[in-house]
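All heavy atoms count here, side chains included; hydrogens, waters and symmetry mates do not.
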Amino acid sequence: QYLVGLDTTTLDAVDGELNTALHLVCRGARHDAIALLLGKYDGVSVSKRNAHGKLPIDLLWESNEVGDRESVEYTESVFRLLRAYPEMMMNCM
């Protein structure tokens, strides 16, 4: 609920490792927060890399917090991130 009142400038702020809010919710596999950030703020910081060169989707893929990688929530989160930054898939090919 805290995220709902923030503006995009605040959401694009970074920590010491250059992680944005989206990086942090992806690392924590917070599917509800991923949906909120991408839905309400239209792909905020989805293409920003942190100090380790990781995109938010990379942190979700690597997250130990993901309980079931075949769950609907996980699949929807990955799809939302890919849809918000389709160039990432083009760069992988």
Exercise. Measure across A29 and V66 and return the closest heavy-atom pair with its distance rounded to 0.1 Å.
Key: CB-CG2, 3.7 Å

Quiz item: With a 4.5 Å heavy-atom cut-off, do L55 and V46 have their side chains touching?
Solution: no

Quiz item: About how many Å separate CG of L60 and CD1 of I34, when rounded to the nearest 0.5 Å?
Solution: 5.0 Å

Exercise. Report the distance from atom CZ of F79 to atom CD1 of I57, rounding to the nearest 0.5 Å.
Key: 11.0 Å

Self-check item: Value rounded to 0.5 Å, distance of CG in D58 from OG in S63
Solution: 12.5 Å

Quiz item: Side chains of H31 and E76: donor-acceptor distance under 3.5 Å anywhere?
Solution: no

Quiz item: Roughly how far, to the nearest 0.5 Å, is CG of L81 from SG of C26?
Solution: 4.5 Å

Quiz item: Just wondering, more than 12 heavy atoms not from R80 lying within 6.0 Å of its CZ?
Solution: yes

Quiz item: Honestly curious: do Y74 and L59 fall in one hydrophobic cluster under the side-chain, below-4.5 Å linking rule?
Solution: no

Quiz item: Does N64 CG have over 12 foreign heavy atoms under 6.0 Å away?
Solution: no

Practice problem: Sort out for me which residue in N50, T20, N19 forms a side chain to side chain contact (heavy atoms under 4.5 Å, CB included) with V14. | Solution: T20

Exercise. Please say which of R49, K48, E62, R27 ends up in a side chain to side chain contact (heavy atoms under 4.5 Å, CB included) with K54.
Key: E62

Quiz item: Taking atom CG of L24 and atom OG of S45, what is their separation to the nearest 0.5 Å?
Solution: 9.5 Å

